[in-house]
Amino acid sequence: MQRSIYIRPVGLFPAPSDEGDKAWGGLPLTGQPLRFAAVEIIERNGKTTIRRIVALGEAFERDWGRHTLAASDLLEAIREPRMRLAGLSLDRPRIMGIVNVTPDSFSDGGMLGSAQDAIDHGLRLAEEGADILDIGGESTRPGADPVSLEEELARVMPVIEGLRARTEVRISIDTRKAEVMRCAAAAGVDIVNDVSALTHDPQSLAVAAETGLSVILMHSQGDPKTMNKDPQYSDVAFDVFDFLEKRVAACEAAGIPKSKLVADPGIGFGKHLHHNVAVMSALSLYHALGVPVLLGASRKKLIDHICDVPNPKDRVPGSLAAALAGAAQGVQIVRVHDVAATRQALAVWQAALSGTDKILG
Ligand code: 9MG
């Protein structure tokens, strides 16, 4: 299904700390201490897209008023406070630290040579302030080959078990395989992170529902091996929205409630630079899915394309800029390699935005 009308919150500003301040305008955004002052109303008809930004006071007036009314479900979803995710409140941007247990990971390949290295790395990220540790045993970088179930389990299970025994921090399992989800759930992970949005393995939807875990649904076009060869979209930001909306519906139909879902537009997954930046500039659109939004741009190729930094380890400044751009659009979770630096950047951003040094967390 392709929607014909979309609503995107724009003009985000900090909510007042004093809830009794009746003079405050705008509408609340997903229960965060953020409000939006205007909406972008997007009319989509086949390949034509008309976009206009309207102040909230005018959103129900003139000819675009009927569009706002037609998409009032989206407006409601944008305002609705989000539930806790695996026990984590989402009233401030949360940090997911990356623990790749793959020999060919694109940015820290070879660094985490053993399970013990990966466990130590995860504990360091937790100390630096990660709210979630994302453990993955199959590289999903563009061009990567798939790994067997046995190999993936051998890589991730000792790391999950080691971290679960040593830290209370939430753990997510980055996998596309139902059996890995099942084993990881039994070992105590809190969240499933599937870059195929539970489409790769025919069993994954049922298994994810059975585990009762929260699930991150990421958009990708094609398989990691070939996805960036020739990705095609009609209008990327909205095609991604339609895909994620369908996956949220499929999860609900399979018994996974919306309160356990997170949506992720999948930066770099079947997207060229112009697709990635179009998605990044439209991030607040995805709040209309009614679930928290995750952004993963850390050390990715788009930073090289924009700034000419071939070595992923030199992409930290670009990664911080991407995380802050996400936070400014109300993204609730950022997936990053550099936890300490991201935490510092987000804390300063929050203080500067809100004008208070009493930063949550
Ligand atoms: C595993 N993985 C690599 N990049 C990712 C991203 O952007 N989002 C999510 N959810 N997972 C990712």
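Atoms within each ligand, like the ligands themselves, are counted from 1 in listed order. Counting begins at 1 with the first residue of the sequence.
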Peer 1: Where is the nearest protein heavy atom to atom 4 (N) of ligand 1: which residue, which atom, and how far?
Peer 2: Lys300 NZ, 3.1 Å

Peer 1: Testing Leu294, Asp131, Val336 for side chain to side chain contact (heavy atoms under 4.5 Å, CB included) with Met96, which one passes?
Peer 2: Leu294

Peer 1: Out of all atoms in ligand 1, which are within 4.0 Å of some heavy atom of Phe269? Include the element for each.
Peer 2: 3 (C), 4 (N), 5 (C)

Peer 1: Any atoms of ligand 1 less than 4.0 Å from a non-hydrogen atom of Ile216? List them with their elements.
Peer 2: 10 (N)

Peer 1: If you count the atoms of ligand 1 from 1 in the order shown, which ones are under 4.0 Å from a heavy atom of Asn193?
Peer 2: 9 (C), 10 (N), 11 (N)

Peer 1: Do Ser89 and Asp91 have a side chain donor and acceptor closer than 3.5 Å?
Peer 2: yes

Peer 1: Could you find the nearest protein heavy atom to atom 3 (C) of ligand 1 and give me its residue, atom name and distance?
Peer 2: Arg335 NH1, 3.2 Å

Peer 1: Which residue in the set Asp174, Asp194, Ile160, Leu149 passes side chain to side chain contact (heavy atoms under 4.5 Å, CB included) when paired with Val180?
Peer 2: Leu149

Peer 1: Using 4.0 Å as the upper bound for N to carboxylate O, is an ion pair formed by Arg155 and Glu138?
Peer 2: no

Peer 1: Have a look at ligand 1 and work out which part of Arg176, if any, has a heavy atom under 4.0 Å from it: side chain, backbone, both or neither.
Peer 2: neither

Peer 1: Salt bridge or not for Arg176 and Asp223, using N-O below 4.0 Å?
Peer 2: yes

Peer 1: Under 4.0 Å from ligand 1, counting heavy atoms only, is it the side chain of Val195, its backbone, both or neither?
Peer 2: side chain

Peer 1: Side chain of Ser298, backbone of Ser319: donor and acceptor closer than 3.5 Å?
Peer 2: no

Peer 1: Within the structure, does Asp174 bring an N/O atom to less than 3.5 angstrom of an N/O atom in ligand 1?
Peer 2: no

Peer 1: Please report whether ligand 1 has a polar contact with Asp134, defined as an N or O pair separated by less than 3.5 Å (distance criterion only).
Peer 2: no

Peer 1: With a 4.5 Å cut-off on side-chain heavy atoms, are Tyr286 and Asp264 touching?
Peer 2: no

Peer 1: In terms of atom number and element, which parts of ligand 1 are under 4.0 angstrom from non-hydrogen atoms of Asp264?
Peer 2: 6 (C), 7 (O), 8 (N), 9 (C), 10 (N)

Peer 1: Between ligand 1 and Gly296, is the shortest N or O to N or O distance under 3.5 Å?
Peer 2: yes

Peer 1: Between the side chain of Arg82 and the main-chain N/O of Gly31, is any donor-acceptor distance below 3.5 Å?
Peer 2: no

Peer 1: So is Met96 in contact with ligand 1, going by heavy-atom distances below 4.0 Å?
Peer 2: no

